[in-house]
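Predicted model only: the values in this text are computed from it and were never measured. In what follows, chains carry the letters A, B, and so on, assigned in the order in which the sequence lines appear, proteins first and then strands, with residues in each chain numbered from 1.
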2 protein chains.
Amino acid sequence: MTMDTGAPKFRRRKADRPAEIVQAALSVFAEKGFAAAKLEDIARRAGVSKGAIYLYFETKEDIFRAVVGQAIAPNIGAVKAMAAAHPGPLAGLLRGVTAHIADVVSHTPLGGVLKMVVGEARNFPEIARVWHDELVSQALGAMAEAIEAAQARGEVKAGDPRTYALQLISPLLVAVLWRETFVPVGARPFDLPAVMAQHIDTLLCGLLTEGARE
Amino acid sequence: MTMDTGAPKFRRRKADRPAEIVQAALSVFAEKGFAAAKLEDIARRAGVSKGAIYLYFETKEDIFRAVVGQAIAPNIGAVKAMAAAHPGPLAGLLRGVTAHIADVVSHTPLGGVLKMVVGEARNFPEIARVWHDELVSQALGAMAEAIEAAQARGEVKAGDPRTYALQLISPLLVAVLWRETFVPVGARPFDLPAVMAQHIDTLLCGLLTEGARE
DNA sequence: TTTTAATAACTGACCAGTCATTTAGTAACA
DNA sequence: TGTTACTAAATGACTGGTCAGTTATTAAAA
């Protein structure tokens, strides 16, 4: 009955390691970018030696792919599903979708991953392609379709629906990049829910007062 | 009179070198990111040996700072000046400012630089700070002030003017990042002028048809 | 005892930055 | 005009450090 006073030097937890490593890698990649991220740092944050990483991943690129891929999976189809669930007036759908995205982006590291995808797109074109084909383009397309349907119902003005979808989500994305880029150096942050509430009001009803309409 | 048949191996052009190197560096940095960019590549694109770079710059970071700094200077104050030049109704100012930014972003590498600033902000906080303090925050502030003035005139609805400014420029930024990130892997591009024309119409007059207003 | 998760020391490639050498330009002189 | 002497721009082989990936070894589990 030797009391185990100190933490054991090793602990064998094969099943949990990959997820732990991916999570640690995410934080380091998001902070430094792919090239400047050191495997030693990732290992340290995962509470593991560098060698152990190579029991679960082939290369550094492999880890990067796992990080970016993991951030896609749970979001695929979410916007499509919401569009299907809101057949009624557009306003409800817009509020639902933006609230959902704002929530995801606030409570998960999706913002950091987005920054990585943008920053490393030229070095990893296949990652940019997967993100576009499976996530971004799908979500944008689903929104555009919903808007087009609303146009067919006579609810929404004429105009390019894909552009309307872009207008809708842009402030959200920029606010996230703002948070990642400028807030750490002292910029005033934006409050995501407040921004989106005002944005949707503006989109639906316009910026001008009744009197100032031409 | 010996005819000079081949290109000379060296050419001495001290005055032009720094600008040439900065331009070459911009294209390499924008493509690869700071860490993955090789000085050999920058040198090759500048038509110079690696050693020559060190006649004009101290370190790789120095070149990076020059690249990012160079992209700020000509834009400082532009938005402020436009705001001062448009005392009239807001619509004119919005069109002017967005057209100007769209033009700059289309015909200069500012988009690539923006991507770099976002991607390397954590590694070079002082660069992010300079960009924020001297360019981004100034421009946003100038727009917010103009909008606030319009609110005081009763021209614009109540609401946070800084958020309104964010709403205004976001689609522009996202469209640029879209171009840099997803268009190279096959995404449908956005037409900047068209996007901004529709965006301003939507902001001013709303997305909904008269009948669909609540 | 056998198996395998995990380590830590190690290796080899790569690359920022240096420096001895080469070449172009220039001016003084014949 | 051609020759020589000098300055400075430019080169490219080299170096030292860093880091992705490997391996010999150790310790926990079965």
d([atom1], [X]; [atom2], [N]) in whole Å:
{"X": "Glu40(B)", "N": "dC14(D)", "atom1": "CD", "atom2": "P", "answer": "14 Å"}
{"X": "Ile53(B)", "N": "dC19(C)", "atom1": "CD1", "atom2": "P", "answer": "17 Å"}
{"X": "Leu55(A)", "N": "dG21(D)", "atom1": "CG", "atom2": "C1'", "answer": "12 Å"}
{"X": "Arg17(A)", "N": "dA28(D)", "atom1": "CZ", "atom2": "P", "answer": "14 Å"}
{"X": "Arg44(A)", "N": "dA8(C)", "atom1": "CZ", "atom2": "C1'", "answer": "14 Å"}
{"X": "Tyr56(A)", "N": "dT7(C)", "atom1": "OH", "atom2": "C1'", "answer": "12 Å"}
{"X": "Asp41(B)", "N": "dC14(C)", "atom1": "CG", "atom2": "C1'", "answer": "13 Å"}
{"X": "Asp62(B)", "N": "dA16(C)", "atom1": "CG", "atom2": "P", "answer": "14 Å"}

> Would you say Glu180(A) and Arg122(B) make side-chain contact, with heavy atoms under 4.5 Å?
Replying inline: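 With C-beta onward as the side chain, the pair touches.
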
> Are Phe64(A) and Ile127(A) close enough that some pair of their side-chain heavy atoms sits under 4.5 Å apart?
Replying inline: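 Yes, close enough: below the 4.5 Å cut-off.
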
> With Glu58(A), which residues qualify under salt bridge (charged side-chain N to carboxylate O under 4.0 Å, His left out), at least two apart?
Replying inline: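 Per chain and number, Glu58(A) pairs via salt bridge (charged side-chain N to carboxylate O under 4.0 Å, His left out) with no residue.
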
> Under the salt bridge (charged side-chain N to carboxylate O under 4.0 Å, His left out) test, which residues partner Glu61(A), sequence neighbours left out?
Replying inline: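 Residues passing salt bridge (charged side-chain N to carboxylate O under 4.0 Å, His left out) with Glu61(A): Arg65(A).
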
Looking at the side chain of [X], which of [options] is the nearest nucleotide?
{"X": "Tyr54(A)", "options": "dG21(D), dA6(C), dG17(C)", "result": "dG21(D)"}
{"X": "Val48(B)", "options": "dG21(D), dT11(D), dT7(C)", "result": "dT11(D)"}
{"X": "Lys60(B)", "options": "dA6(C), dG21(D), dA16(C)", "result": "dA16(C)"}

> Residues two or more places apart in sequence or in another chain: which of them pass side chain to side chain donor-acceptor pair (under 3.5 Å) with Asp160(B)?
Replying inline: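 Once residues adjacent in sequence are excluded, the partners of Asp160(B) under the side chain to side chain donor-acceptor pair (under 3.5 Å) criterion are Thr163(B).
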
> In chain order, what residues pass the side chain to side chain donor-acceptor pair (under 3.5 Å) check against Thr202(B), with sequence neighbours excluded?
Replying inline: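 Gln167(A).
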
>> With the threshold set at under 4.0 Å for non-hydrogen atoms, list the residues of residues 31-39 of chain B touching DNA chain D in residue-number order.
In response: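 None - not one residue of the stretch has a heavy atom sitting under 4.0 Å from the strand.
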
>> Going by side-chain hydrogen bond (donor to acceptor under 3.5 Å, both in side chains), name the pairs with one or both residues in residues 99-111 of chain B, residues two or more places apart or in two chains.
In response: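 Output for this query lists Asp103(B)-His107(B).
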
>> Listing request: all side-chain hydrogen bond (donor to acceptor under 3.5 Å, both in side chains) pairs with a residue in residues 134-147 of chain B, at least two apart in sequence or in separate chains.
In response: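 Only Lys80(B)-Gln138(B) qualify under side-chain hydrogen bond (donor to acceptor under 3.5 Å, both in side chains).
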
>> So for the helix from dT1(C)-dA30(D) to dA30(C)-dT1(D), with five pairs setting each end axis, what is the inter-axis angle to 10°?
In response: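 Axis-to-axis angle, ends of the helix: 20°.
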
>> Going by salt bridge (Lys or Arg N to Asp or Glu O under 4.0 Å), name the pairs with one or both residues in residues 22-40 of chain B, residues two or more places apart or in two chains.
In response: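 Found Glu31(B)-Arg45(B).
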
> Does any N or O donor sit under 3.5 Å from an N or O acceptor when you compare the side chain of Lys50(B) with the base of dG17(C)?
Replying inline: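 Check passes, donor-acceptor contact within cut-off.
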
